[in-house]
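Structure record follows, encoded as structure tokens.
Quick caveat: nothing in here was measured; it's all calculated off a predicted structure. Just so we're on the same page: letters track the sequence lines, and every chain starts at 1.
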Amino acid sequence: STNEPLINYLDMEYFGTISIGSPPQNFTVFFDTGSSNLWVPSVYCTSPACKTHPVFHPSQSSTYEEVGNRFSIHYGTGSLTGIIGADQVSVEGLTVEGQQFGESVTEPGQTFVNAEFDGILGLGYPSLAAGGVTPVFDNMMAQNLVDLPIFSVYLSSDPQGGSGSELTFGGYDPSHFSGSLNWIPVTKQGYWQIALDGIQVGDTVMFCSEGCQAIVDTGTSLVTGPSDKIKELQGAIGATPIDGEYAVNCATLNTMPNVAFLINGVSYALSPNAYILPDLVDGMQYCGSGFQGLDIPPPAGPLWILGDVFIRQFYAVFDRGNNQVGLAPTV
Amino acid sequence: AMHRVPLRKHQSVRKKLRAQGVLSDFWKSQNLDMVQFSESCRMDQ
């Protein structure tokens, strides 16, 4: 089967290390709540992307088991195909036995050549898993590796490499947020999907006034929404197309409006400093918009995606036990 | 018992391609219309 992970690998910034096999073979992955497969490049892969990343050697692992059925995952920019194997997967002292994972055989054109990650570890619900494999966190729960069926994500805004950012399995860390967590029911168990009550720009509810659906997605770095609405939003914050993407004049940041997401009766506001992504190009300051149009057709969409731009501001707890998401301002 | 997985922040591919001055070429090569220009163009036409 195929699925449509909503991955904009262009903006991926937060990666961690996992190991697969015995002895362990290490890979840099990003942890993606918008997909449910674990895959890494394999020794069988001949694509350019596999020449620039470490590959998994099943013959070098004494705990490897061949499963053999094929899988394919489609991204916006290409597809990934491979075969499914099983081995032990370790993440910071947690070792999952017999984890089924994808060994990529072909990887999309140039898509992953430039990426600094080797593979992806999906943290979505099982219904999203290509090839019907059991996701890593489901195996962690089944093998009693975590005390609570919860994982949480803290993305630091620290300009020095976001130090302190962490994914926590088995609980959450109150030192990462202020106040108390607001719990929001998951409306559909695939992505981590929730209901929005509205989206306010400045003092006006401009979008989603009748309610809409959104997902909290660590696999998307920006905040995305239906392209017609995002185009309007870009205009409302004063962003204009520059060189193929939306940007603002950095001098206007303090006059720009907040953008707030109204969720379950609570307002989650993003200030311009939160949703504008500064960069330095040829010595010149560049201020890109953290909003991007992405049309997700029915039945999955339309969907707004609350990616890293949002998660950097709001600590996110993903509760599989109660099928709810907890949010609170990060400190 | 919580298990913390440190996450390292890297420079994104977008920033890399922008610094190399090839980002707009990349959008074209991937047929990605990040600013919905083509949509409005069609309407004008």
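None of A/Phe15, A/Phe30, A/Phe117 except one satisfies the ring pair (Phe, Tyr, Trp, His ring centres under 6.0 Å) rule with B/His10; the exception is A/Phe15. When the options A/Leu121, A/Leu94, A/Thr168, A/Leu167 are evaluated for a side-chain contact (heavy atoms from CB on, under 4.5 Å) with B/Val5, the one that passes is A/Leu167.
Atom CZ in B/Arg4 sits 13.0 Å away from atom CZ in A/Phe169 (nearest 0.5 Å). Within the model, atoms NZ of B/Lys9 and OG of A/Ser157 stand 7.0 Å from one another, a figure rounded to the nearest 0.5 Å. The CZ atom of B/Arg18 sits 11.0 Å away from atom CG of A/Leu280, with the distance rounded to the nearest 0.5 Å.
Between the side chains of B/Arg8 and A/Thr17, at least one donor-acceptor pair of N or O atoms lies under 3.5 Å.
Within the 4.5 Å cutoff, no side-chain heavy atoms of B/His3 are placed close to those of A/Met140.
Partners of B/Pro6 according to the side-chain contact (heavy atoms from CB on, under 4.5 Å) rule, which considers only residues two or more places apart in sequence or in another chain, are A/Glu92.
Considering only heavy-atom pairs separated by less than 4.5 Å from chain B, the leading option among A/Ile150, A/Val91, A/Asp173, A/Thr28 is A/Asp173.
Contacts of A/Phe151 with chain B are absent, with no heavy-atom separation under 4.5 Å from either backbone or side chain. For chain B, the nearby part of A/Leu145 is the backbone; its heavy atoms alone come within less than 4.5 Å.
Within 6.0 Å of CZ in A/Phe31 there are more than 12 heavy atoms belonging to other residues, nucleotides or ligands.
The stretch residues 137-155 of chain A participates, sequence neighbours left out, in these salt bridge (charged side-chain N to carboxylate O under 4.0 Å, His left out) pairs: A/Asp138-A/Arg320.
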